[in-house]
Amino acid sequence: MPELPEVETTRRGIAPHITGVIIRAAVVRQRRLRWPVPAGLSRRLAGQVITAADRRGKYLLLGTSDFTVIIHLGMSGSLRMVTDGVMPGPHDHVDLCLGNGLRLRLRDPRRFGAVLLTRRDPMLHPLIRNLGPEPLTDAFDGAWLHRRAAGRRAPVKSLIMDSRIVAGVGNIYASEALFLAGILPARRAGRISLKRYEVLAGAVKRVLTEAIEQGGTSLRDFVNGSGEPGYFLQRLLAYGRAGEPCVNCKTAIAQRVLGQRMSYYCPRCQR
DNA sequence: AGTGCGGCCTGTCCGC
DNA sequence: TGCGGACAGGCCGCAC
């Protein structure tokens, strides 16, 4: 489900309900996610106050008095606030039960998501440590992309989906950004000019910013912390539009698998 | 070091 | 209406 805009939408939705609130307990109905949910989660979190709801790439970082709860939504995960007493569905795997009568509930049918716990600086966690810059900061720009692309023969789409290069760009927004930038997704990363990478970096920032403003993209079941869908789906120009006319030139949008992921592009506008 | 895959899961959709 | 197979928003860990 979620790329950076969907995770950010989730973060903004839940933050007001959880920050400054004490955790009473955790209910774990299914431990087997991407990695096992830590043993003793409820015992360790009971009494902890949530002090922050941050995001790094696609990871949500819930800071508490002594820990950070690291949450990843994988392919099909969503988080929402429910009141105590709302019955869990079959894929509602974890609840954080809060002192204000609300629960933060993780639903994840495919179980590619994760709930982890660390006592240390979360930025040093193995899953976080090697992430590239946040795409919406100044650390991410065309010069950075151009430098990291040097010598790479893989497709540029694979480059911008590599979380070590830039954090949080997934399959939807990679296709969208390349469409906006007029670059073919299959073009070899090492053979693109600095000038074009500057355009691409701008396109990544633009598409992610606009998607956040629209509350993310709901393809199947993405919902924000209140259970509402996002509206960026209606603004997708390439992703999922194979065979439909390009908004610029009317040529049929093409699709092709690159790096095991489906890619969508205009064979005329993108070079 | 960079690249390409298998694998982890369930739900949905499509063609027969 | 049922069934098999392909596919889906991620990404680690491994072999080469």
Side-chain angles (χ1 to χ4, degrees), chain A residues 1-10 29-37 55-60 70-79 89-94 106-116 125-132 135 145 147-177 185-191 204 207-208 211-212 214-224 229-236 238-243 255-264:
Chain A
M1 168 232 320
E3 301 184 32
L4 186 151
E6 291 73 40
V7 178
E8 178 61 19
T9 296
T10 298
R29 301 180 193 82
Q30 169 62 270
R31 289 195 59 199
R32 300 181 53 213
L33 304 183
R34 179 73 163 80
W35 294 280
V37 177
R55 178 187 59 73
R56 179 76 175 94
K58 299 175 192 170
Y59 292 89
L60 278 168
I70 300 174
I71 300 175
H72 196 285
L73 299 178
M75 202 84 126
S76 61
S78 61
L79 281 171
H91 304 298
D92 289 339
H93 304 313
V94 178
L106 172 70
R107 173 175 298 181
D108 186 5
R110 289 178 72 180
R111 289 197 266 135
F112 289 172
V115 177
L116 299 170
H125 191 279
L127 293 174
I128 311 283
R129 196 171 50 204
N130 296 318
L131 293 177
L145 277 181
R147 185 152 65 85
R148 296 303 304 269
R152 287 198 179 231
R153 310 183 76 248
V156 61
K157 177 160 178 278
S158 301
L159 181 84
I160 61 173
M161 289 182 66
D162 184 337
S163 65
R164 295 165 303 180
I165 304 295
V166 55
V169 179
N171 203 32
I172 294 181
Y173 300 110
S175 275
E176 292 301 294
R187 187 161 295 285
R188 297 197 193 258
R191 302 182 59 190
V204 168
V207 71
L208 295 179
I212 291 169
Q214 295 295 308
T217 298
S218 294
L219 279 189
R220 287 185 175 71
D221 54 4
F222 170 71
V223 291
N224 65 19
Y231 297 99
F232 196 72
L233 179 62
Q234 300 147 35
R235 306 264 286 266
L236 296 179
Y239 184 86
R241 297 192 64 236
Q255 64 176 17
R256 177 181 168 187
V257 176
L258 291 170
Q260 300 161 283
R261 311 300 299 276
M262 191 58 75
S263 309
Y264 301 86

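Order of the sequence lines sets the chain letters (A, B, ...), proteins ahead of strands, with each chain counted from 1.
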* In whole angstrom, give the distance that lies between atom CG of Leu131(A) and atom C1' of dC12(C). => 13 Å

* Asked: Do Phe232(A) and Ile172(A) have side chains that get closer than 4.5 Å, going by heavy atoms?
  -> no

* Side-chain contact test, heavy atoms from C-beta onward, threshold under 4.5 Å: evaluate it for Thr10(A) versus Pro2(A) and give yes or no. => no

* In whole Å, what separates the P atom of dC11(C) from that of dA1(B)? -> 23 Å

* Asked: For Met161(A) and dT3(B), what is the distance between atoms CE and P respectively, to the nearest whole Å?
  -> 15 Å

* **Nearest-nucleotide pick for Trp35(A), side chain only, options being dA8(C), dC12(C), dG10(C)** => dC12(C)

* Asked: When you measure from the side chain of Arg152(A), which nucleotide among dG13(C), dG2(B), dA8(C) comes out closest?
  -> dG2(B)

* Asked: Just to confirm, is there a sub-4.0 Å distance from OP1 or OP2 of dT3(B) to any side-chain nitrogen or oxygen of Arg153(A)?
  -> no

* Are Arg188(A) and Arg152(A) close enough that some pair of their side-chain heavy atoms sits under 4.5 Å apart? -> no

I'd like a list of close polar pairs between nucleotides 7-10 of chain B and the protein, N/O only, cut-off under 3.5 Å.
from: dC9(B); atom 1: OP1; to: Arg32(A); atom 2: NH2; distance (Å): 2.8
from: dC9(B); atom 1: O3'; to: Arg111(A); atom 2: NH2; distance (Å): 3.2
from: dC9(B); atom 1: O2; to: Arg110(A); atom 2: NE; distance (Å): 3.0
from: dT10(B); atom 1: OP1; to: Arg111(A); atom 2: NH2; distance (Å): 3.0
from: dT10(B); atom 1: O4'; to: Pro109(A); atom 2: O; distance (Å): 3.3
from: dT10(B); atom 1: O3'; to: His91(A); atom 2: NE2; distance (Å): 3.3

* Across the strands shown, which category fits Tyr239(A) at heavy-atom distances under 4.0 angstrom: base, sugar-phosphate, nothing? -> sugar-phosphate

* Contact check, side chains of Leu79(A) and Leu60(A), non-hydrogen atoms, under 4.5 Å -> yes

* Hey, could you give me the OG/CZ distance between Ser175(A) and Arg241(A), rounded to the nearest 0.5 Å? => 12.0 Å

* **Leu116(A) side chain near Leu127(A) side chain, heavy-atom distance below 4.5 Å** => yes

* Asked: Over how many whole Å does the gap from Leu73(A) atom CG to dC11(C) atom C1' extend?
  -> 14 Å

* Structure fact -> Atom OH of Tyr59(A) and atom P of dG10(C) are separated, to the nearest Å, by 12 Å

* **Interatomic distance where CG belongs to Leu159(A) and C1' belongs to dT3(B) [whole Å]** => 13 Å

* What stem regions, each of at least 3 consecutive Watson-Crick or G-U pairs below 3.5 Å, can be found for DNA chain B? -> B:2-8 with C:10-16, B:10-16 with C:2-8

* Answer yes or no: does a side-chain N or O of His72(A) lie under 4.0 Å from OP1 or OP2 of dG10(C)? => no

* Parallel, tilted or perpendicular, as decided by the 30° and 60° cut-offs, for the rings of Tyr239(A) and Tyr264(A) -> perpendicular

* **Arg191(A) CZ - dG2(B) P separation (whole Å)** => 18 Å

* Asked: Would a 4.5 Å heavy-atom cut-off, applied to side chains only, mark Met161(A) and Leu258(A) as touching?
  -> no

* Whole angstrom value for the distance that separates P of dA6(C) from CZ of Arg261(A) -> 18 Å

* Interatomic distance, Ile71(A) CD1 vs dG10(C) P [rounded to whole Å] -> 18 Å

* Asked: Do Leu73(A) and Glu6(A) touch side chain to side chain, with heavy atoms closer than 4.5 Å?
  -> no

